[in-house]
Every structure is written in C-alpha cells, then in structure tokens.
2 protein chains.
Amino acid sequence: MTELTDKEKMTRIRNVLPPDEELYDLAEVFKVFGDQTRVKIMYSILRGELCVAEISDVLEMTQSAISHQLRILKNAKLVKSRRDGKVIYYSLDDDHVAQILRIGTEHLEEQNEKGEE
Amino acid sequence: MTELTDKEKMTRIRNVLPPDEELYDLAEVFKVFGDQTRVKIMYSILRGELCVAEISDVLEMTQSAISHQLRILKNAKLVKSRRDGKVIYYSLDDDHVAQILRIGTEHLEEQNEKGEE
DNA sequence: TGTACATATGAACAGATGTAAATATGTTCA
DNA sequence: TGAACATATTTACATCTGTTCATATGTACA
C-alpha cells in the first residue's frame, strides 16, 4: 500500500470522471428539465399523449410558447411525437424521463421532511 | 361509461398535475443540475468528499468559480459540507443526487445506441 | 495578536434563455 | 384548388446566469 501524492490523487479523480463531452451532454439534458413550462408539459403527458392545443389549454399558455418548448424537449429526446391528420400528439420518449421526474420529486419531498424536523 | 367533453378532459388533467409551487421547485432543482461545471463537481465528489482546493485542481478552474457553484449546489441541498480546521469538505447530500446523475447518463447512452442503428 | 492559508462574497459584464407577436408551413376537405 | 385549421418558425427583447476580479471572512498557529 503506497501513499499517494496530492498530484497523483487529483490525477486519479480526473481519470475517473466521464469525458468532457459526456458531461457537457448530461448538463444539456438537465438544462432541458430545468424550466417550469417544460416540467409542466412533461407532467401533463406523463399518463398519455396530448396534442399541442390540449397542452396549451391545460397550461393556459400560448400555442407558440408550447410549440417552442416542445421542440426543445424533442431535440433533447425527452419527448416524441406522432402525427394523426392535422393533429400532432406528444408523449414522453422513454422511461428515463418519468424516472428522473419521480426521483427529483422524491428528493424534494425528502428535503421538505428534513426541513420540518 | 360517460363521454368526457374536451373541457372536462382538460380539467381532469389539470387536476392531476402537482401544484404549481411543487413544479416550480422541481424545475429549480433540475436547473441546478443543468450546468457543466456543477455536473463536474457532483461527479468529482461522487466517490467521496473533496475540499474546495481539490475540486478546483481537478476541474482546473478558479477557486472563486468553484466556490460560487458549491454555494448554489448547497442551497439546492444537492451537496453538503463539513469543516475540518481551515478546510471544508464537500460531498453529495443524499442518494437521489447520484441516482439522477446515473439515470441521466443512462438516458444519454440509450439515445446514443438508438442513433447508431 | 498577527500572519498565512482556505474559503466565501460582492460587483460587473458577456452570453444564454423564455416569451409574445407575426408569419410560415403543412394537412384536410369541400 | 382554396379555405380552414393545427402546428412550427422567425424576430426581438427583457431577464437570467456563470465567470472573473477584488476583497472579505474565518481558522490555525507561532
């Protein structure tokens, strides 16, 4: 068991980190989660697909604002779409999205409980 | 089995959504995850605590920049700290943080696999 | 007490972000 | 084809965010 110098310790930790590009992409994904409107959209389609107009109705926001946010969600592959005639239905893209929402919510609840003690 | 009017359908969905304040807080938490520097910090302390100077070393960023981001992480309860003399050690606050990082990474990997097909 | 060291904070600035308004695209159906 | 409808896109703008630089706070130890 040899002792590590500080420099060696830092190098080791640096080597364990995922590559910069991966960390960048990861931050980009979370950035997409980090907006109230987009969180609301994801929650509103958590139990099943909705079209743009329905989402606008539910959130009481303009069609333009919703459409912009849907594009961002779709680019990040958090949401997918399906066309049926004029109407386009949106739903969550994969199960990770719902999982992240759930764990985030759990985190909040746990922190709230801690705060009450 | 009665048919629902569009208005009733929207009202139902709206009623299933968590309260606005909760969705706001949730977005705020994800916002904190949504920065490359903060993601790097969280990853660097994933396997054990590090002090501010060590994190600065690993990420090759100024002490000030790291300290600012640590405060944001701490306010969001994603990170906790422990003082030992002059030195302050930081570590992840609860297991949800690591879980969210992991699921986010899984999501990216899965999307990359899909893209390769 | 005073010096050295570790970390935190405040101000300022460049760059990024979300929304509304207007307009464009794409689809259906007469 | 053209009118009507659903959604997407462009532009513009106000607001927010991360970093640097300078400085303050807090701790240990002589």
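Source: prediction; values computed, not measured. Naming convention: chains lettered A, B, ... in sequence-line order (proteins, then strands); numbering from 1 in each chain.
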Next on the checklist: Quick check against the 3.5 Å criterion: does A:Arg38 have a side-chain atom that pairs as donor or acceptor with the backbone of B:Ala27?
Outcome noted: no

Next on the checklist: Whole angstroms only, please: what is the CG-P distance between B:Leu59 and D:dT20?
Outcome noted: 12 Å

Checklist entry - Does any non-hydrogen side-chain atom of B:Asp93 lie less than 4.5 Å from one of A:Gln111? => result yes

Show each protein N/O and nucleotides 22-27 of chain D N/O combination with a separation under 3.5 Å, one pair to a line.
none

Checklist entry - Should B:Ile55 and B:Lys40 count as side-chain neighbours, where that means a heavy-atom distance under 4.5 Å? => result no

Checklist outcome for this item: Interatomic distance, CD1@A:Ile100 vs CZ@B:Phe33, rounded to 0.5 Å, equals 9.0 Å

Item to check | Euclidean distance, B:Thr11 OG1 relative to B:Lys9 NZ, rounded to 0.5 Å | outcome: 12.0 Å

Next on the checklist: How long is the straight-line distance from CD of B:Glu60 back to CE of A:Met10, given to the nearest 0.5 Å?
Outcome noted: 12.0 Å

Item to check | Comparing A:Thr62 and B:Val87 on DNA chain C - which has the more 5′ nearest nucleotide | outcome: B:Val87

Next on the checklist: I'd like to know if the side chain of B:Ser44 reaches the main chain of B:Ile41, judged simply by a donor and an acceptor atom lying under 3.5 Å from each other, with no hydrogens or angles considered.
Outcome noted: yes

Checklist entry - For the pair made of CE in A:Met61 and P in D:dT7, what is the distance, rounded to whole Å? => result 16 Å

Next on the checklist: Would you say that B:Lys77 contacts B:Val97 through its side chain, given a criterion of any heavy-atom pair below 4.5 Å between the two side chains?
Outcome noted: no

Checklist entry - Which ILVMFWY residues are connected to B:Val16, directly or by a chain of links, through side-chain heavy atoms under 4.5 Å apart? => result none

Checklist entry - Is any side-chain nitrogen or oxygen of A:Tyr90 closer than 4.0 Å to OP1 or OP2 of D:dA6? => result no

Checklist entry - SG of B:Cys51 to CZ of B:Arg83: how many Å apart, nearest 0.5 Å? => result 12.0 Å

Checklist entry - Restricting to pairs with a member in residues 98-108 of chain B, which pass side-chain hydrogen bond (donor to acceptor under 3.5 Å, both in side chains), not counting sequence neighbours? => result A:Asp94-B:His107, A:His96-B:Glu106, B:Tyr43-B:Thr105, B:Asp95-B:Gln99, B:Arg102-B:Glu106

Next on the checklist: Need two values: the first and the last nucleotide of DNA chain C, 5' to 3', having an atom under 4.0 Å from any heavy-atom of chain A.
Outcome noted: C:dT17 to C:dT28

Next on the checklist: Heavy atoms within less than 4.0 Å of DNA chain D: which residues of residues 20-57 of chain A have one? Give them sorted by number.
Outcome noted: A:Cys51, A:Val52, A:Ala53

Checklist outcome for this item: CG (A:Leu50) and CD1 (B:Ile13) are apart, to the nearest 0.5 Å, by 4.0 Å

Checklist entry - Does anything in residues 65-77 of chain B reach DNA chain C, meaning a heavy atom under 4.0 Å, and if so which residues? => result B:Ser67, B:His68, B:Arg71

Checklist entry - Would you say B:Val29 and B:Asp25 make side-chain contact, with heavy atoms under 4.5 Å? => result no

